[in-house]
Engineer: 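Handing you this structure, nothing more for now.
Just so you know, these numbers come straight off a predicted model, no measurement behind them.
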Amino acid sequence: MSTQMTPSPHAAPRRRIVALDVVRGFALCGILLVNLPPMIRLGALDAQGDPLAFFRFYEDFVQNRFFPIFSFLFGIGFGLMWLSASARSPRPRLALLRRFLFLAVIGILHQLLQPGEALLPYALAGIVVLLPATWIPERLLAPIASVIGAVLLAFGVLSGGGPALIPGLFLLGFAIGWSGFVRSVLDHPGRLALVGGGALAVSVIGFATTDYLTRQINQWINAGLGIAMALVYVVVILLLLRTPVKKPLQAVFSPLGRMALSNYVGATILIIAVKLFLPDLSRFDSHGGYVAALVVCLGILALQVVVSRLWLHRFGQGPLEKLWRRVTWGPAARATHPSTRESSPAIER
């Protein structure tokens with residue numbers, strides 16, 4: 001008997017989840033903060049050999065705090081996409097394999113500009129983890145993917161985090177996106193607050209019982225805190241979207257999130273340009289160049305927000321996103337409409 005998945009009751013047309021675009025755009029900002037210092041080779045230590053204050057801040061509140069968000073969002077996006085994949089292609093797994101292979105090609109090319117980038121690991125994990133998961137029988141998909149994902153995530157944390165977290169977060173996101181649970185949680189702020197409160201408690205306890213050196217030596221602690229703090233960041237953004245600041249948050253972060261792949265690669269090109277014209281940012285401030293780097297990041301993000309809004313208004317979809325969609329679904333694929341559910345994986349190194 002074939003295990004080919006047919007469109008489930010979940011597959012009815014639904015509007016795009018704008019909140020996911022906002023979270024993705026917000027995470028893109030953190031990713032840029034993480035990627036810029038090593039790309040322009042800012043130091044980590046002061047003249048006495050101690051970690052710079054800004055570097056310690058980055059390590060405790062930015063580094064590995066946005067990577068989990070994008071891994072999770074990638075899984076959610078794949079789950080949402082799988083709901084309608086059978087209706088969009090007679091061979092949906094082949095279409096999604098093309099999708100991952102295209103991402104791998106982009107990742108290989110991007111490695112030439114930014115060694116250590118994560119598009120290639122994402123593509124490989126998608127082929128090895130997400131595609132096989134689509135053969136799980138429909139009625140068992142969510143629980144089995146959740147359990148396996150939780151086990152793999154625990155293994156990833158104990159392994160010190162980084163790329164080891166990808167498989168678990170992919171599967172957990174896949175289960176949540178496919179099952180419709182993500183929409184349920186977004187509709188109940190009380191549940192969001194409860195989840196965020198628990199993650200915040202874990203974060204506070206983690207910082208209260210460890211010091212900076214301990215967290216860096218024992219990377220599993222840092223990885224666990226990264227997961228907890230990423231969850232806190234996500235919940236805060238989602239709760240803010242239920243307040244009067246919803247419109248400005250959407251205006252700034254949603255365009256970034258909708259063009260996340262294009263903006264991620266574009267940011268790398270802009271950083272290289274900054275490095276060519278300003279090869280030594282450390283001479284601009286007394287904090288090892290981190291203040292100047294922050295200003296550069298804000299400038300790049302402001303430019304990308306403006307360009308993204310103008311581009312989406314004219315074309316409806318980012319350039320790399322449009323090409324990616326065409327490779328996945330074929331020449332008949334149309335530009336992104338607000339009702340589409342595709343997700344773009346801009347990644348932190």
Side-chain angles (χ1 to χ4, degrees), residues 2-8 10-14 16-17 20-21 24 70-110 118-138 140-142 144-146 148-149 152 163 166-180 182 258 260-262 264-265 317-318 320-337 339-347:
S2 173
T3 57
Q4 173 70 37
M5 186 179 181
T6 57
S8 72
H10 304 294
R14 298 175 181 178
R16 186 182 183 96
I17 305 177
L20 297 184
D21 290 328
R24 190 179 297 112
F70 269 97
S71 299
F72 191 55
L73 288 175
F74 193 102
I76 290 176
F78 184 84
L80 293 171
M81 194 178 303
W82 183 242
L83 287 174
S84 62
S86 294
R88 300 173 71 177
S89 171
R91 303 180 69 183
R93 293 187 180 90
L94 179 60
L96 294 172
L97 176 61
R98 290 197 301 266
R99 186 173 182 83
F100 289 130
L101 290 176
F102 175 82
L103 186 64
V105 171
I106 296 295
I108 291 171
L109 295 175
H110 195 224
L119 293 180
L120 181 58
Y122 266 40
L124 297 177
I127 294 172
V128 173
V129 176
L130 288 178
L131 277 181
T134 63
W135 269 281
I136 300 174
E138 183 176 331
L140 299 175
L141 192 154
I144 290 179
S146 297
I148 297 177
L152 290 176
I166 295 175
L169 289 169
F170 269 18
L171 282 177
L172 287 172
F174 178 34
I176 288 174
W178 180 86
S179 66
V182 63
R258 287 181 61 187
L261 180 59
S262 296
Y264 174 58
V265 175
Q317 193 172 24
L320 286 181
E321 285 77 8
K322 183 176 182 178
L323 180 58
W324 198 14
R325 181 183 179 89
R326 186 180 179 90
V327 169
T328 302
W329 306 114
R334 292 179 294 180
T336 296
H337 183 273
S339 64
T340 59
R341 292 171 286 184
E342 297 195 25
S343 174
S344 300
I347 319 295

Engineer: For Leu131, enumerate each residue passing the side-chain contact (heavy atoms from CB on, under 4.5 Å) test, keeping only those at least two apart in sequence or located in another chain.
Structural biologist: Phe78, Leu96, Leu97, Phe100
Engineer: Which pair of non-hydrogen atoms, one from Glu321 and one from Ser262, has the smallest distance, and what is that distance?
Structural biologist: OE1-OG, 2.6 Å
Engineer: Which atom names give the shortest non-hydrogen contact between Leu83 and Gly177, and what distance separates them?
Structural biologist: CD1-O, 4.2 Å
Engineer: If you look at every heavy atom in Leu172 and Gly149, which pair is closest and at what distance?
Structural biologist: CG-C, 3.9 Å
Engineer: I'd like to check Ile17 versus Leu80 (side-chain heavy atoms, cut-off strictly below 4.5 Å). Are they in contact?
Structural biologist: yes
Engineer: Is there a side-chain contact between Arg88 and Met81 in this structure, where contact means two heavy atoms from C-beta onward sitting under 4.5 Å apart?
Structural biologist: yes
Engineer: So, taking the atom named CZ in Arg99 and the one named CD1 in Ile127, what distance separates them when rounded to the nearest 0.5 Å?
Structural biologist: 12.5 Å
Engineer: Measure across Pro163 and Pro167 and return the closest heavy-atom pair with its distance rounded to 0.1 Å.
Structural biologist: O-CD, 3.7 Å
Engineer: Taking C-beta and beyond as the side chain, do Ser89 and Leu94 meet within less than 4.5 Å on heavy atoms?
Structural biologist: no
Engineer: Mind listing the closest non-hydrogen atom pair of Asp21 and Arg16 along with its distance?
Structural biologist: OD2-NE, 2.6 Å
Engineer: Side chain to side chain contact (heavy atoms under 4.5 Å, CB included) between Phe70 and Leu169: does it pass, once the steps are laid out?
Structural biologist: CA-CA 9 Å; Phe70 269 97; Leu169 289 169; over 6 Å; no
Engineer: Could you tell me whether the side chain of Thr134 reaches within less than 4.5 Å of the side chain of Phe174, counting heavy atoms only?
Structural biologist: yes
Engineer: My understanding is that only residues two or more places apart in sequence, or in another chain, count here; which of them pass ring pair (Phe, Tyr, Trp, His ring centres under 6.0 Å) with Phe72?
Structural biologist: none
Engineer: Do the ring planes of Phe74 and Phe170 sit parallel (below 30°), tilted (30 to 60°) or perpendicular (above 60°)?
Structural biologist: parallel
Engineer: Write down the atom of Val182, the atom of Ile76, and the distance for their closest heavy-atom approach.
Structural biologist: CG2-CD1, 4.4 Å
Engineer: Does any part of the side chain of Leu103, heavy atoms only, come nearer than 4.5 Å to the side chain of Trp324, both counted from C-beta?
Structural biologist: yes
Engineer: Should Ile166 and Tyr122 be marked as a side chain to side chain contact (heavy atoms under 4.5 Å, CB included) after you check the CA-CA gap, both sets of side-chain angles, and the distance that decides it?
Structural biologist: CA-CA 7 Å; Ile166 295 175; Tyr122 266 40; 3.6 Å; yes
Engineer: Please list, chain by chain and in numerical order, all residues satisfying side-chain contact (heavy atoms from CB on, under 4.5 Å) with Ile108, sequence neighbours excluded.
Structural biologist: Leu120
Engineer: Assess Arg93 against Trp135: is NZ or CZ under 6.0 Å from the centre of the six-membered ring, and within 45 degrees of the ring's axis?
Structural biologist: yes
Engineer: Using side-chain heavy atoms (C-beta onward) and a distance below 4.5 Å, is Leu261 in contact with Leu119?
Structural biologist: yes
Engineer: State, yes or no, whether a side-chain contact exists between Trp329 and Arg98 at a heavy-atom distance under 4.5 Å.
Structural biologist: no
